[in-house]
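Following: one structure in structure tokens, then a few remarks.
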Protein chains: 2
Amino acid sequence: MNALRSPELDETDWKILAELQSDARLSFNELSRRIHLSAPAVAERVRRLEESGVIAGYGARVDPAKAGQPLLAFIQLRCSLSRCLLKTTGADDFPEIAEVHKLSGEHCSMLKVRAASLGHLEGLIERLGEHGELRTHIVLSTQYDDRPLAPTTPDREVSDSAGWARPGR
Amino acid sequence: MNALRSPELDETDWKILAELQSDARLSFNELSRRIHLSAPAVAERVRRLEESGVIAGYGARVDPAKAGQPLLAFIQLRCSLSRCLLKTTGADDFPEIAEVHKLSGEHCSMLKVRAASLGHLEGLIERLGEHGELRTHIVLSTQYDDRPLAPTTPDREVSDSAGWARPGR
DNA sequence: GGTGAAATTGAGATATG
DNA sequence: CATATCTCAATTTCACC
């Protein structure tokens, strides 16, 4: 179910990912033109990226505001350890929940929710309040939403092991 | 540049959006089959959804962990009002920033960032710290990430105006 | 990884029920 | 507005260099 080796992505792979993240419907022809490679070569790379799971899928990006849900909020849930949300009730009961992350710190969860109106958001918060104490941050505006994943600059990763040499030799 | 009327999305539109969010590469034929409509009708609806901006685009979903950036964190930035991030320095200098939201409350911003390692994250936090006091929440695990936008259940929106009747009559 | 050609597939338009 | 069919164009994929 997993790729064997670490999916080391080279520069070409990142070019492909950049193009495909901004337009999932590019044909191999067009894609090969943009990154200056032959179509079969690109197809092979894309196939590998899909199989290894780096590319998880292709989806339409829906503008929440244009779709009638202009309000965005982050909600921190401080719930008793095992009675967290999604254990007592599925998240399917809350279509307005876009993301759920388990946080370090005080056994909290971070929710990202969307709502159609302040009234709607108020009701949602009330329903969520039953699962624990919560702290709500209402978003006033969004500068960047879901920016495409870009390669990490390798020059800064060196400090990961705090400069220790490998014990090998 | 804008649609004239409010983009009232009916049930069929939401079916289309659901399918397209989970698979952006569906052909009109396949799509029409799934929602039980004719291909031309579907094509017309999709065209309208694109033109009105409800569908903002189509993109590949990249798995950050599989792409070498397994760490996720939320960072609240408490910066002096006008010297907020993205005014002194562009966000292009920070490829690891996935989202930037301006928050209500204490003039804060909410950042969502991804990193390759704890060392990488540490360096990022240091660099961000120059823009103001910050509070970091490291994500331990993610239950839901970017769930597809779903229609808001209309039964709860009624309470928006707190039950007041229209003054018309 | 590049090049070529053949086969499959989907888009668009038209005419009809 | 749904259906059917047709045509055209585009892309995928294969075999070989």
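Chain A is the first sequence line, chain B the second, and so forth, proteins listed ahead of strands; every chain is numbered from 1.
Listed by chain and residue number, nothing satisfies the side chain to side chain donor-acceptor pair (under 3.5 Å) test with B:Arg61 (two or more places apart in sequence, or in another chain). Every residue meeting the side-chain contact (heavy atoms from CB on, under 4.5 Å) condition with A:Asp146, not counting sequence neighbours, appears here in chain and number order: B:Asp146. Qualifying side chain to side chain donor-acceptor pair (under 3.5 Å) partners for A:Glu50, counting only residues two or more places apart in sequence or in other chains: A:Tyr58. Partners of B:Asp145 by side-chain contact (heavy atoms from CB on, under 4.5 Å), not counting sequence neighbours, listed by chain and number: A:Glu99, A:His101, B:Lys112, B:Arg114, B:Thr142. With sequence neighbours excluded, the residues satisfying salt bridge (charged side-chain N to carboxylate O under 4.0 Å, His left out) with B:Arg33 are B:Glu30. For B:Ser32, the side-chain contact (heavy atoms from CB on, under 4.5 Å) partners two or more places apart in sequence, or in a different chain, are B:Ala39, B:Val42. Partners of A:Ile125 under the side-chain contact (heavy atoms from CB on, under 4.5 Å) rule, at least two apart in sequence or in another chain, are A:Ile75, A:Leu121, A:Leu134, A:Thr136.
Residues B:Leu26 and A:Arg25 approach most closely at O-NH2, 4.0 Å, considering heavy atoms. For A:Ala116 against A:Pro70, the heavy-atom pair with the smallest separation is O-CD, 3.5 Å. A pairwise comparison of heavy atoms in A:Phe74 and B:Leu103 identifies CD1-CD2, 4.5 Å as the closest pair.
In the region residues 18-39 of chain B, proximity to DNA chain D at under 4.0 angstrom, judged on heavy atoms, holds for B:Leu37, B:Ser38.
The side chain to side chain donor-acceptor pair (under 3.5 Å) analysis of residues 36-47 of chain B, with sequence neighbours excluded, yields the pairs B:Asp10-B:Arg45, B:Asp13-B:Arg45, B:Glu44-B:Arg47, B:Arg47-B:Glu51.
Axis angle across the helix from C:dG1-D:dC17 to C:dG17-D:dC1, with five pairs used at each end and values rounded to 10°: 30°.
One N or O on the side chain of A:Gln21 and one on the backbone of A:Leu149 form a donor-acceptor pair closer than 3.5 Å.
If you walk DNA chain C from 5' to 3' and mark each nucleotide with an atom closer than 4.0 Å to a heavy atom of chain A, the marks span C:dG1 to C:dT3. A nucleotide of DNA chain D counts as in contact with chain B when one of its atoms lies under 4.0 Å from a heavy atom; the first and last such, 5' to 3', are D:dA2 to D:dT3.
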